[in-house]
*Asks:* 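Here you go, one structure.
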Amino acid sequence: MHFEMPLLIGLMVAASTLAIAAKRVRIPYSVALVVGGLFISVAGLLPGIPPLNPEFVFLVCLPLLLFEGGITADVANVRANLVPIATLASLGMVLAITATGTALHYALGLSWGPALLLGAMLSVTDTVSILYAFRRVAVPRRLSGIMQGESLFNDGTALVAYAAIAGVVTRGETSFSLPLLSAQVVLATIGGVAIGLALGTGAGFIIRRTRDPLAEIMVTTALALSAYTIGEQVHLSGAIAAVTAGLTTGITLRRHVAPQSQVAIHTFWEYVTFGVNTFLFLSVGLATKPGALVRHLPLTLLAVACVFAGRAVAIYGPFLLLRWLRPSACVPVRWQHVFIFGNIKGALSIGLAIGLPAGTPAREELVSIAFGVTFLSLVVQGLTLTGFLRRLGLIHEDPVAHAVSEQQARLIASRAARQELEQLHDQGLIPRAAYEHLRSDYQVGIASAERELRRLSEQHLTQAARLVLTTRRHLVDAERTALLSARLAGLIPEATAEAQLARLDARTLELEHVLSDVPDEPPGNGRKAT
């Protein structure tokens, strides 16, 4: 595919600008990219943009995103919540596709084949938007762990069901066997897990003996792409294979790989996922046609209602079953509401829609509805998810953290003003008497803020420990920057720099593990014993 370099540079500049703007105004960057892409498309700012290629989405983007989700996942959290994750990703996904397809059949008047196909396309979840919302606010760790694990594995289940249904529809068949479809999903899932474990174990054997961060990054990249490709070639779940390979590799990294390599690999994959997600979300906006969006708006709104109804069946039903069979694996009803409202669609739904065979019945209508549902989901749910969590009472404001931040703000402002006052006095722009009077006022404010911070630290040990650890993590980064600069300038030998950088990487990982283990301090707890 011919792709002009100025166009590529323009997309990168647009994506970077939108991502920075999203961070400044504190909205999900996926929302900013989708809306920005739509604006660029309507305004014609970047003419000649090729359409989103579904093969590129499935063969390159999807394996990389799924593998990164597995390699960075909290394995202990996934293992502890394996029963609800597996139930939602298997039984829950089958129920979601069936219930959504049934609702679409009756509400939109689609025949059964296209209705179930659209239901499969709209049953996948965008993990990025969910995790962004969870990073901005503190939610229960178990809730975020189950949602992350379920969203990683349900993509594989949905893709298997999509392929099976698409094959039936394109052959012109009108009847479906739900038991046969369920058996295909189970078989493909088990096969994908086996492939991912085998390839991940083999790659782990190589990584443990490589001891070269760049070569190890190359091995993980080849593993992500090969796990998905092999899974698809043998007609099993390539998505499940990629996730399982990522989980297996993540365990290997944490147990057997040097800290310096761990930092390098995780940094690389963080950049890869940022770049891939940026491209995908921007492409969704660029590929969305406002005319088709408006023309199919009534059907799109009905489809959104059907998606919510299908998701409700897929969440409340399995959790009700777990409450009867295994109460310890169930979650509070309030959490179940989050699984429904947090079911945000993403670029994978768009890729599935574009990848529909040309002979699919009602293809144009299915593509337009899938685009409309995805666009509304990313924008509306992406912007309101944090508020929804707050209304459910799942976000607990920490009064101690708020008090600490207030005093820190006072301290920063007062010290900056005092420094400016010193400069004015040194330049002879303010009389001595006025200088002493103003300096005394600021000194009183600074001393008061310092006393209050000291009191809060003494009374709330958990908060104080978190602040110290966060500061230490920042200082380690400063040390690393200084060492890199000294090495580039030739001030210290290469061997000395590598040894010191490896020590700092080990400290970085240690601090991150300790920070993740520091509990959130409930109001009224964590006070100093008397």
Side-chain angles (χ1 to χ4, degrees), residues 57-58 62-63 65-67 69-70 73 78 81-102 115-127 130 146-169 176-197 227-228 230-232 234-247 307 310-319 321-322 339-340 342-349 351-353 355 370:
V57 174
F58 294 139
L62 183 59
L65 292 177
L66 293 173
F67 182 84
V78 172
N81 298 291
L82 189 59
V83 172
I85 290 174
T87 302
L88 293 177
S90 55
L91 174 62
M93 184 53 59
V94 172
L95 289 175
I97 295 173
T98 305
T100 304
T102 302
L116 289 173
L117 194 55
L118 183 58
M121 290 188 291
L122 298 178
S123 295
V124 295
T125 303
D126 172 41
T127 311
I130 295 175
I146 295 176
M147 289 198 70
Q148 180 183 8
E150 186 250 348
S151 62
L152 281 175
F153 285 100
N154 76 2
D155 288 350
T157 310
L159 287 173
V160 173
Y162 166 85
I165 298 171
V168 174
V169 172
F176 289 86
S177 174
L178 185 58
L180 179 60
L181 176 62
S182 301
Q184 288 178 322
V185 171
V186 172
L187 177 62
T189 300
I190 295 174
V193 170
I195 292 174
L197 281 174
Y228 184 89
I230 293 174
E232 292 298 311
V234 297
H235 304 291
L236 296 174
S237 177
I240 296 295
V243 172
T244 307
L247 289 169
V307 170
R311 181 67 172 175
V313 172
I315 295 299
Y316 295 136
F319 275 124
L321 182 64
L322 286 177
F339 283 90
I340 296 172
N343 184 33
I344 303 174
K345 306 305 157 196
L348 181 53
S349 296
L352 292 173

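In this text, all values refer to a predicted model and were calculated from it rather than measured experimentally.
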*Asks:* Could you tell me which non-hydrogen atom of Leu322 sits nearest to which non-hydrogen atom of Pro84, and how far apart they are?
*Replies:*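 For Leu322 and Pro84, the tightest heavy-atom pair comes out as CD1-CA, 4.0 Å.
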
*Asks:* Closest heavy-atom contact between Ala370 and Ala353?
*Replies:*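 Smallest interatomic distance, heavy atoms only, reads CB-CB, 3.7 Å.
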
*Asks:* For a 4.5 angstrom cut-off between non-hydrogen side-chain atoms, does Ser90 reach Thr189?
*Replies:*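 Answer no - side chains too far apart.
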
*Asks:* Should Leu117 and Tyr162 count as side-chain neighbours, where that means a heavy-atom distance under 4.5 Å?
*Replies:* yes

*Asks:* Hey, could you give me the CD1/CE distance between Ile165 and Met121, rounded to the nearest 0.5 Å?
*Replies:* 9.5 Å

*Asks:* From Leu62 CG over to Tyr228 OH, what is the distance, rounded to the nearest 0.5 angstrom?
*Replies:* 5.0 Å

*Asks:* Tell me, please, which residues at least two apart from Phe319 pass ring pair (Phe, Tyr, Trp, His ring centres under 6.0 Å).
*Replies:*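 Partners of Phe319 under the ring pair (Phe, Tyr, Trp, His ring centres under 6.0 Å) test: Phe339.
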
*Asks:* Tell me, do Ile146 and Leu88 make a side-chain contact under 4.5 Å, heavy atoms counted?
*Replies:*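 With C-beta onward as the side chain, the pair touches.
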
*Asks:* If you take all heavy atoms of Leu66 and Ala239, which pair is closest and at what distance?
*Replies:* CD1-CB, 3.4 Å

*Asks:* Mind checking the CG-CG spacing from Leu321 to Leu95? Nearest 0.5 Å is all I need.
*Replies:* 9.5 Å

*Asks:* Residues two or more places apart in sequence or in another chain: which of them pass side chain to side chain contact (heavy atoms under 4.5 Å, CB included) with Ala312?
*Replies:*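 Side chain to side chain contact (heavy atoms under 4.5 Å, CB included) list for Ala312, sorted by chain: Tyr316, Ile340.
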
*Asks:* Could you tell me the separation between the CD1 atom of Ile190 and the CG atom of Leu236, rounded to the nearest 0.5 Å?
*Replies:*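 Rounded to the nearest 0.5 Å, the CD1-CG separation comes to 10.0 Å.
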
*Asks:* For Ile97, is there any backbone N or O sitting under 3.5 Å from a side-chain donor or acceptor partner on Thr100?
*Replies:*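 Answer holds: no.
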
*Asks:* Where do Ser123 and Asn154 come nearest, in terms of heavy atoms and distance?
*Replies:*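 Where Ser123 meets Asn154 most closely, the heavy atoms are O-ND2, 4.2 Å.
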
*Asks:* Hey, does Val168 have a side-chain heavy atom less than 4.5 Å from the side chain of Leu116?
*Replies:* no

*Asks:* Find the distance between CZ (Phe67) and CG (Leu247) and round it off to the nearest 0.5 Å.
*Replies:*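 One gets 9.5 Å once the value is rounded to the nearest 0.5 Å.
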
*Asks:* For Gly92 versus Ala314, what's the shortest heavy-atom pair and its separation?
*Replies:* O-CB, 3.0 Å

*Asks:* On a heavy-atom basis, which atom in Ala89 and which in Thr157 lie closest, and how many Å separate them?
*Replies:*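 That would be O-OG1, 2.7 Å.
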
